[in-house]
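Remarks on the structure that follows.
All chains are named by letter (A, B, ...) in the order of the sequence lines, taking the proteins before the strands, and each is independently numbered beginning at 1. Only heavy atoms go into these numbers, but all of them, side chains included; no hydrogens, no water, no symmetry mates. Here the structure is a predicted model, which means the values were calculated and not measured.
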There are 2 protein chains.
Amino acid sequence: MSVDTRPILPGLRERGVDVTGYTAYGRLVYPVTSPGARAISTRRCAQMTESQRGASRRHPSNTSTRPTIRDIAREAGVSVATVSRVTHDDPRVISETKQRVQRAIDRLGYRPSALGRALSYQRTSTLGIVLPGLGGPYFAQLIEGAESVAVQRGVVINVLGTHLRPDAADAVRRLAERTDGLIIAGGTLPDDELAALAATGRVIVVAGEVEGAPTVVTDGRRAAAELTSHLADVHGYRRMRFVGEPDGSPDTAWRYAGFCDALAERGLTEAGEPLRLGLDVRSGAVAARLLHDEADLPDALVCANDELAIGMLATLPGLGHRIPADVAVTGFDDQSLAEIASPRLTTVFQPTAELGARAAAGALGDPIDDNTILPTRLVVRESCGCEPEHAPN
Amino acid sequence: MSVDTRPILPGLRERGVDVTGYTAYGRLVYPVTSPGARAISTRRCAQMTESQRGASRRHPSNTSTRPTIRDIAREAGVSVATVSRVTHDDPRVISETKQRVQRAIDRLGYRPSALGRALSYQRTSTLGIVLPGLGGPYFAQLIEGAESVAVQRGVVINVLGTHLRPDAADAVRRLAERTDGLIIAGGTLPDDELAALAATGRVIVVAGEVEGAPTVVTDGRRAAAELTSHLADVHGYRRMRFVGEPDGSPDTAWRYAGFCDALAERGLTEAGEPLRLGLDVRSGAVAARLLHDEADLPDALVCANDELAIGMLATLPGLGHRIPADVAVTGFDDQSLAEIASPRLTTVFQPTAELGARAAAGALGDPIDDNTILPTRLVVRESCGCEPEHAPN
DNA sequence: CTGAAAGCGCTAACAA
DNA sequence: TTGTTAGCGCTTTCAG
C-alpha cells in the first residue's frame with residue numbers, strides 16, 4: 001500500500017513538457033518512441049525473486065479461454081450450424097433443440113466472437129470517428145450524435161484522437177480497416193492524406209472539406225459575419241479582435257473569414273492579429289493574459305468557440321477587466337454552458353449533435369448529399385453588451 | 001447548397017431534452033430506441049424519382065473490395081505463406097522474390113487485414129478504455145497517458161464513453177471482446193457488472209475499486225483532507241462546502257470523505273449539503289448560480305475537480321462575488337488551466353496521464369500490483385486566499 | 001429441421 | 001527458400 005512514485009511515462013516533465021496540461025486541439029504532448037518506456041516493468045520484473053514471481057501481490061493473468069461455437073455444439077450434441085442458428089433466432093430450429101442449445105450457451109457463458117462474425121460477415125458493425133482531440137464538449141456532442149444513430153443500428157463506435165498520436169495518418173488507416181465507415185473531422189489530417197482516405201471507402205467529413213467524400217458542415221462564415229455585424233452595428237464596436245487559430249481547422253478558418261468579411265464590409269480593420277491558440281478553455285485563459293499584458297484591450301473579442309470565451313470569463317474579471325463593460329466577448333457553438341456562465345454568452349448556435357448524427361448515418365451507408373449544410377442561429381445574450389432580456393441576472 | 005434543416009436526431013428538442021447541452025458525467029441524453037429515427041433517410045429515399053437515384057448529387061458507395069493476401073500471391077506468382085512472410089520481414093525469403101511480392105503489394109495497394117490477423121493471432125492489438133464521458137481534460141489526459149504506452153507496443157486504443165450509451169454494460173462486454181485488455185474508470189459501471197467483468201479477463205480499474213482486478217489510483221481522501229486543512233488552518237475558514245456528487249464516482253467519494261475528515265478533525269460541520277452536480281465546467285457554473293440564489297455564500301468552496309472550479313470562476317465574478325475575497329474556491333487535479341485562470345487555482349496535483357500509462361501497461365500484460373497508488377501534491381495558489389507568490393497578478 | 005463443408009483473411013507448423 | 005495445409009470463430013449455402 002505504499003505510494004508508488006516511479007513514473008512510467010518517460011520523463012516528460014523533465015524535458016519541459018507539461019504533462020498536466022492538455023491541449024484540445026493542436027499540440028503533441030508525448031514522444032513517439034522512448035527507450036526508457038518499457039524499462040520500469042522489465043526492471044521491476046528482474047528485481048523480483050523467483051518466489052515473488054506470480055506471488056499473491058501479482059495479479060494472475062486470466063488464461064481461461066472463452067468457449068467457442070464448437071464447444072457449445074459439442075456440449076449440446078448438435079452441429080455448429082445449429083448453434084449459429086440459435087444465436088440468430090432462426091425460426092427453423094425446433095424449440096426443443098433450441099432449448100438444449102440455449103442451456104449449453106448459458107452454462108458455458110458463450111457469446112459469439114465479434115471477430116469471427118466480422119470476418120464472416122465482411123462487416124465489423126463498427127463506426128470510426130476521427131477527431132483532433134477528445135477534450136471539450138464540442139467533440140463529445142459530435143460523438144453523442146453519432147452514438148444516437150449507432151445504437152439504433154447495433155453499431156459500436158471507435159473514437160480516435162489524432163493529436164494524441166504521432167502516427168495519425170497510419171492510425172486512421174488502421175482504424176478504417178476495422179470499421180464499416182469513418183467520420184473524419186476537419187483539421188485532423190493533412191489534406192492529401194484525407195483525400196487519399198476519402199478515395200478509399202466510406203468516409204464522411206464533418207466540419208471540413210475534401211474532394212471525393214461527402215461533407216457535413218455549417219456555414220460558419222456566414223454566421224461569424226452575422227455575429228460580427230451585430231457587434232459593429234448594434235454596439236458600435238470598432239476595435240475587434242479574433243481569438244483562434246485560423247490555420248488550425250477549417251471551422252476556425254471559416255469563422256475567421258466571416259469575421260473579416262463583416263469588418264471589410266464596414267471599412268473596419270482588425271484591432272490586431274488573431275490570437276493564434278488552441279480551442280480549449282485553457283487557450284482562452286492564455287489569450288486573456290496575453291491581452292492583459294498588452295494593456296490595450298479591444299472593444300470586443302470574437303472567440304472561435306465557446307470554450308475560448310469561457311476561458312476569458314474565468315480570467316479577465318480576475319485581472320480587473322469587466323465583461324462586457326470593458327470588453328465584450330463572444331463565443332461560438334452555443335454549448336449549454338453559454339447560457340449559465342456570467343455574463344451569459346452571446347454566441348452562435350450550431351447543431352453539433354445533429355452534425356454527428358448525419359455524418360454517422362452517411363458513414364453507415366444511408367444516402368447522403370455531397371454537401372450537407374446545417375443551419376446556425378445567432379444567439380444574443382449579455383456578453384456582447386446587450387441587456388439581459390428579463391430574469392434576475 | 002441549400003441549408004438542410006430537417007433533423008435526423010429523433011426530436012430530442014421537442015421532448016425537452018437539451019440537445020445542445022453536454023453532460024460530462026452522469027446523464028443520458030438520447031433515447032435508446034426511437035421509431036422515427038430511420039425515418040428521414042428512408043423517406044428521403046422514397047421521395048426520389050428513379051432518375052435521381054444514384055444521380056450526381058448522391059455519393060457513390062465505394063464497392064471496390066480490398067485485395068487479400070491471395071490476390072497478392074497470385075499476382076506475384078508465389079504462395080500466400082510467402083506473402084505473409086514478406087509482410088513480416090521474414091529474413092528467410094530471398095530478396096529477389098521479396099521484391100516481386102513487394103511490387104505486387106504496392107501495385108494492388110495491399111494491407112493485411114487486421115481482422116484476419118486478429119483471428120489468427122488470437123490477439124487484437126487493441127486496448128479498450130472505458131470512461132464515463134469524453135468531455136474534459138481529465139479523461140483526455142488519462143487517454144493520453146494510455147496512448148503513450150500503446151503506441152510503443154503497436155497497439156491501438158478504443159475509447160468507450162458509457163454515459164453516451166444506454167446499454168453500457170453490454171457495450172463494455174462487446175468492447176472486451178475486441179480488445180486484449182481493458183482499462184475501466186471508476187464510476188462507469190455498477191459494482192456488480194464491474195466485478196463480473198473483472199473476473200472475465202484482463203482488466204485494470206483506474207480511479208475506482210473492485211474485487212478481482214488490479215487498481216490504479218491516487219489517495220484522493222488524504223489529499224482532500226490536506227487541502228481542506230489548509231483552508232481551515234491557514235485561512236481560518238469555518239463555513240465550507242463541497243461541490244460534486246459523492247455518489248457519482250469513487251474519486252469524488254474519496255475526495256468528499258477527505259473533506260469531511262478534515263472538518264470532523266476540527267469539530268467543524270459542513271456549511272451545507274454537497275452540491276450534487278456533474279464534474280464539468282457547466283456544473284460549476286450551475287453550482288455558482290445555485291449558491292448565488294441562496295444568497296448565503298460559505299467561506300470556501302471545495303470543488304471535486306478543476307473544471308467545477310473553473311465554472312465558478314467564470315460565473316461568480318459576473319454575479320458580483322469576488323474570489324477569493326468573498327469566497328474561496330479550490331479545485332482538484334491541477335489541470336494546466338489552473339495556473340492560468342485568474343485567480344490562479346489552488347488545487348491538488350494528480351499525475352493523471354501517469355495513471356493512464358500505468359493502467360495501460362497493466363492491461364497489456366505487464367506485471368502490476370493489485371493496488372498501485374500514485375502520489376498527489378497540494379498546489380497552493382491564489383484562489384484559496386493566499387498571496388500571489390511573486391509575479392504580476 | 002439439421003448437418004457437412006466451404007469460406008472470410010491471415011498465420012504457422014510441417015514438408016519439400 | 002518456398003509451398004501446403006490446418007486452423008482462428010463464425011456464417012451460410014447445399015444436401016439430407
Side-chain angles (χ1 to χ4, degrees), chain A residues 63-102 104-105 108-126 154 173-174 176-180 201, chain B residues 63-102 104-105 108-126 154 173-174 176-180 201:
Chain A
T63 38
S64 77
T65 170
R66 284 178 34 200
T68 79
I69 196 171
R70 260 178 284 269
D71 297 323
I72 304 301
R74 193 177 324 110
E75 178 85 3
V78 297
S79 75
V80 294
T82 300
V83 177
S84 178
R85 289 190 189 107
V86 170
T87 61
H88 285 91
D89 268 332
D90 190 314
R92 290 177 306 185
V93 24
I94 202 170
S95 90
E96 198 267 328
T97 42
K98 183 181 224 156
Q99 302 259 315
R100 196 147 38 94
V101 172
Q102 192 57 56
I105 289 179
L108 273 58
Y110 167 76
R111 284 174 54 89
S113 145
L115 240 50
R117 282 204 164 158
L119 197 54
S120 185
Y121 284 145
Q122 291 295 87
R123 198 159 43 71
T124 58
S125 294
T126 299
R173 266 190 295 270
R174 293 177 63 177
E177 228 156 70
R178 300 165 180 263
T179 54
D180 298 333
Chain B
T63 38
S64 75
T65 172
R66 283 177 36 197
T68 80
I69 196 172
R70 261 179 283 269
D71 296 325
I72 305 302
R74 193 176 325 111
E75 178 84 3
V78 298
S79 75
V80 294
T82 301
V83 177
S84 178
R85 291 190 186 106
V86 170
T87 61
H88 286 94
D89 268 333
D90 190 315
R92 289 177 306 183
V93 25
I94 200 170
S95 91
E96 198 266 328
T97 43
K98 182 180 224 157
Q99 302 260 316
R100 197 146 38 93
V101 173
Q102 192 57 56
I105 289 179
L108 272 57
Y110 167 76
R111 283 174 55 88
S113 145
L115 240 49
R117 280 203 164 158
L119 198 54
S120 184
Y121 284 144
Q122 292 295 84
R123 196 159 45 70
T124 57
S125 294
T126 299
R173 267 190 295 271
R174 294 177 64 178
E177 227 155 71
R178 300 164 179 265
T179 54
D180 298 334

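- Looking at residues 67-76 of chain A, you'll see that no heavy atom sits under 4.0 Å from any atom of DNA chain C.
- Contact of the B:T82 side chain with the B:R100 side chain is not registered, since no non-hydrogen atoms from C-beta on lie closer than 4.5 Å.
- Spacing between atom CG of A:D90 and atom P of D:dT11 amounts to 11 Å, rounded to whole angstrom units.
- Proximity of residues 109-124 of chain B to DNA chain C (heavy atom under 4.0 angstrom from any strand atom) is restricted to B:Y110, B:R111, B:P112, B:S113, B:G116, B:R117, B:L119, B:S120, B:Y121.
- A donor-acceptor contact closer than 3.5 angstrom links the side chains of B:T126 and A:R178.
- Rounded to an integer number of Å, the gap from A:R100 CZ to C:dC1 P is 15 Å.
- Distances from the side chain of B:V93 to the nucleotides D:dT2, D:dT11, D:dG3 place D:dT2 closest.
- Residue A:V83 is classed as having no contact, given no heavy-atom separation below 4.0 Å to the nucleic acid.
- Rounded to whole Å, atom P of D:dG3 lies 12 Å from atom CZ of B:R92.
- For the pair A:H88 NE2 and D:dG9 C1', the computed distance is 12 Å after rounding to whole Å.
- Judged by distance alone with a 3.5 Å cut-off, a donor-acceptor contact links the side chain of A:R85 to the base of C:dG3.
- Seen from the ring of A:Y121, A:R123 counts as a face-on cation partner, given the 6.0 Å and 45° thresholds.
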